[in-house]
Amino acid sequence: MLTVKNIQENRDKFIELLAIKNFNATDLIDQVLSTDQLRRDLQKQLENDLAELNGLSKLIGQLYREGKTTEANEAKTRTGQLKDSSKELKEKHRKCELELKELIIQIPNIPHSTVPTGKGEEDNLEIRKGGIFPDPELTKKPHWELASDYKLIDFELGVKLTGAGFPVYINQGAKLQRALINFFLDEGNNAGYTEILPPIVVNEDSGFGTGQLPDKEGQMYHIQDDNLYLIPTAEVPVTNIYRDVILQEDQFPIKNIAYTPCFRREAGSWGSHVRGLNRLHQFDKVEIVQIRRPEESYKALEEMVAYVESLIQKLELPYRVLRLCGGDLSFTSALTFDFEVWSAAQKRWLEVSSVSNFESFQANRLKLRYKEKGDKQSHLAHTLNGSALALPRIVAALLENNQTENGILIPKILQAYTGFEKISNQ
RNA sequence: GGAGAAAUGCCGGAGUGGUUGAACGGGGCGGUCUCGAAAACCGUUGUGCCUUUCGGGGCACCGGGGGUUCGAAUCCCUCUUUCUCCGCCA
């Protein structure tokens with residue numbers, strides 16, 4: 001969601017940039033501008049009425065005190081008229097504001113000028129590749145077979161307890177989850193992120209603030225009785241900490257890290273690509289969130305990309321970094337880098353992290369602002385976030401890429417966390 | 001879950017129908033004094049929107065929403081949250 005002022009000042013530029021997202025914004029933007037003009041006209045009329053009404057009310061009070069009842073009552077006939085007209089104007093104004101808001105929230109975030117054009121994921125730009133790719137002859141079993149061979153994950157048991165997409169992790173499989181979570185959190189702490197353990201159920205305002213609502217309504221689990229949502233990512237509660245907040249300059253930079261389970265309905269997904277750990281309804285993820293001054297946000301994005309890359313390198317996984325094209329960029333993002341790890345047995349890339357700068361898009365919905373010292377006016381801050389990292393596909397790649405004849409090797413850095421160097425059937 | 005009390009500015013806390021956007025105290029900021037600091041004293045200190053001849057002018061906001069009234073922080077309804085007591089409980 002953008003501010004009208006921004007849209008007004010940058011109409012042509014925004015239309016041009018939104019075309020990168022394959023979004024034709026001309027009509028919508030012109031509607032926004034005309035609706036805003038109407039809104040301002042209505043507000044002018046309304047405030048004139050209210051100003052007169054306020055003045056008369058003061059006068060009436062004075063007249064009563066002076067005992068001039070007749071004059072007071074005369075004035076009341078005028079206030080009666082004003083009340084009627086202002087009531088009508090207020091209603092029109094309210095409707096107009098609502099309409100304006102509904103128009104504005106249909107406009108996706110303006111993409112950054114470096115976003116490549118493209119239709120879908122096939123047009124994403126690979127900017128880097130790293131790590132050592134395993135010998136395909138030695139890494140043939142997909143992770144769901146390994147998970148079953150070594151009794152790490154029971155997918156059928158999850159179906160019994162809940163349904164498809166809710167796996168049960170067992171023994172070394174469970175320990176591996178816990179090890180990864182702790183590893184990711186420790187790394188984040190070392191990199192200056194403050195650890196947060198937020199609620200995993202949020203209200204409607206929070207869903208709106210980060211842009212999941214109303215756009216992705218159907219992707220979240222909704223608890224009808226209490227009108228609450230299961231979070232699809234820690235981004236939602238952690239970013240909403242700063243909803244309706246005016247930050248002081250000495251609070252920057254804000255860097256938070258949080259582990260949470262994540263819940264996604266993934267309505268409409270099916271097929272072999274979602275097998276095993278590839279796509280789940282419940283999964284674990286560690287998320288990093290930053291809140292920055294606008295002039296620093298792209299530097300922060302770079303820093304976050306480097307940080308996520310370092311995690312994957314420490315896990316010794318082959319990976320690549322993509323700059324998402326306009327067609328694959330989310331509604332809310334201005335610039336996103338995706339990280340994918342190579343899944344040896346499936347012979348495909350698996351997305352394990354998405355690092356984005358939302359610029360002021362979320363901040364505008366959240367009313368997240370900051371004030372410089374001696375500054376009279378507040379400004380919208382920039383929000384960024386990234387997975388660091390999502391567990392299931394990391395586990396899939398670890399299992400597949402590190403399989404040997406007599407067990408699955410645990411990367412060195414993780415051994416201190418797991419307490420074992422190898423997964424095997426003792 | 002039951003009974004009662006409360007929600008005011010950065011914080012504490014007044015204010016029960018008419019110059020109250022809000023007393024008073026604290027904190028912050030600026031200044032005087034000082035070599036410097038403290039103390040003291042003086043000044044200043046919310047957000048959003050509309051408008052402007054850029055000096056200003058106007059509107060809204062005292063937990064949220066609605067109502068009564070010429071006029072509401074103040075009265076009424078409703079929701080939410082917090083506190084106290086009782087019950088239950090990881």
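Values below: all heavy atoms of this structure, side chains included; hydrogens, waters and symmetry mates excluded.
The separation of B/G28 from B/G46, taken at their C1' atoms, amounts to 14 Å, rounded to a whole angstrom. Annotation: B/G26 and B/U53 have their C1' atoms spaced 43 Å apart (nearest Å). Of the C1' atoms belonging to B/A22 and B/A60, the separation is 15 Å, rounded to the nearest Å. For the P atoms, the distance linking B/C49 with B/C85 amounts to 45 Å, nearest Å. Nucleotides B/C24 and B/U74 have their P atoms positioned 22 Å apart, rounded to a whole Å. B/C86 and B/C77 are spaced 29 Å apart, taking the P atom of each and rounding to whole Å. Across the C1' atoms, B/G25 and B/U84 are found 27 Å apart, a figure rounded to whole Å. B/G87 sits 15 Å from B/G4 when the C1' atoms are compared, rounded to a whole Å.
Geometrically, A/Lys101 engages A/Phe208 in a cation-pi contact, judged by NZ or CZ lying under 6.0 Å from the ring centre and within 45° of the ring axis.
When distances run from any side-chain atom of A/Tyr64 to the nucleotides B/C59, B/G18, B/U51, the shortest one goes to B/G18. Taking only side-chain atoms of A/Ser378, from C-beta outward, the nucleotide of B/G58, B/C70, B/G48 with the closest atom is B/G48. You'll find that the side chain of A/Gln43 is closest to B/C49, out of B/G71, B/C49, B/U51. Side-chain proximity of A/Ala51 to B/C70, B/C49, B/C59: nearest is B/C59.
At the phosphate of B/U51, OP1 or OP2 sits under 4.0 Å from a side-chain N or O atom of A/Arg40. Between A/Ser57 and B/A72 there is no side-chain polar atom (N or O) within less than 4.0 angstrom of OP1 or OP2. Not one side-chain nitrogen or oxygen of A/Lys5 sits closer than 4.0 Å to the OP1 or OP2 atom of B/C49. In this model, the phosphate group of B/A60 is approached by a side-chain N or O of A/Asn54 to a distance below 4.0 Å at OP1 or OP2.
Taking CD1 of A/Ile200 as the reference point, atom SG of A/Cys262 lies at 9.0 Å (rounded to 0.5 Å). Atom CD of A/Glu91 is separated from atom SG of A/Cys96 by 11.5 Å, given to the nearest 0.5 angstrom.
Between the CG atom of A/Leu46 and the P atom of B/C61 there is a distance of 11 Å, rounded to whole Å. Rounded to an integer number of Å, the gap from CD of A/Gln45 to P of B/A60 is 16 Å.
Shown here, B/A3 forms a base pair with B/U84; the pair counts as Watson-Crick or G-U wobble because both key distances fall under 3.5 Å. Remark: B/A90 base-pairs with no nucleotide; criterion is Watson-Crick or G-U wobble with both hydrogen-bond distances under 3.5 Å. Across all strands shown, B/G27 forms a Watson-Crick or G-U wobble pair, both distances under 3.5 Å, with B/U45. Partner assigned to B/A40 is B/U32, using Watson-Crick or G-U wobble distances below 3.5 angstrom. Across all strands shown, B/G55 forms no Watson-Crick or G-U wobble pair with both key distances under 3.5 Å.
Residue contacts for A/Arg78: at a heavy-atom cut-off of 4.0 Å it reaches no nucleic acid atom on any strand shown. In this structure, A/Lys58 reaches neither bases nor backbone, as no heavy-atom distance under 4.0 Å exists between it and the strands shown. Contact annotation for A/Leu56: no contact, since no heavy-atom pair falls under 4.0 Å across all strands.
Applying the 90° criterion around 0 to the glycosidic angle, B/G71 comes out anti.
Nearer to the 5' terminus of RNA chain B, by closest-nucleotide assignment, is the contact made by A/Arg39 (compared with the other of A/Arg39 and A/Lys87). Nearer to the 5' terminus of RNA chain B, by closest-nucleotide assignment, is the contact made by A/Ile246 (compared with the other of A/Ile246 and A/Lys76).
Side-chain atoms of A/Glu400 and A/Gln346 form a donor-acceptor pair, as typed in the model, at a separation below 3.5 Å. A/Arg40 and A/Gln43 share no side-chain donor-acceptor pair at under 3.5 Å. A donor atom on one side chain and an acceptor atom on the other are not found under 3.5 Å apart for A/Glu187 and A/Tyr307.
The pair A/Arg293-A/Glu296 meets the salt-bridge criterion, with a side-chain N (NZ, NE, NH1 or NH2) lying under 4.0 Å from an Asp/Glu carboxylate O.
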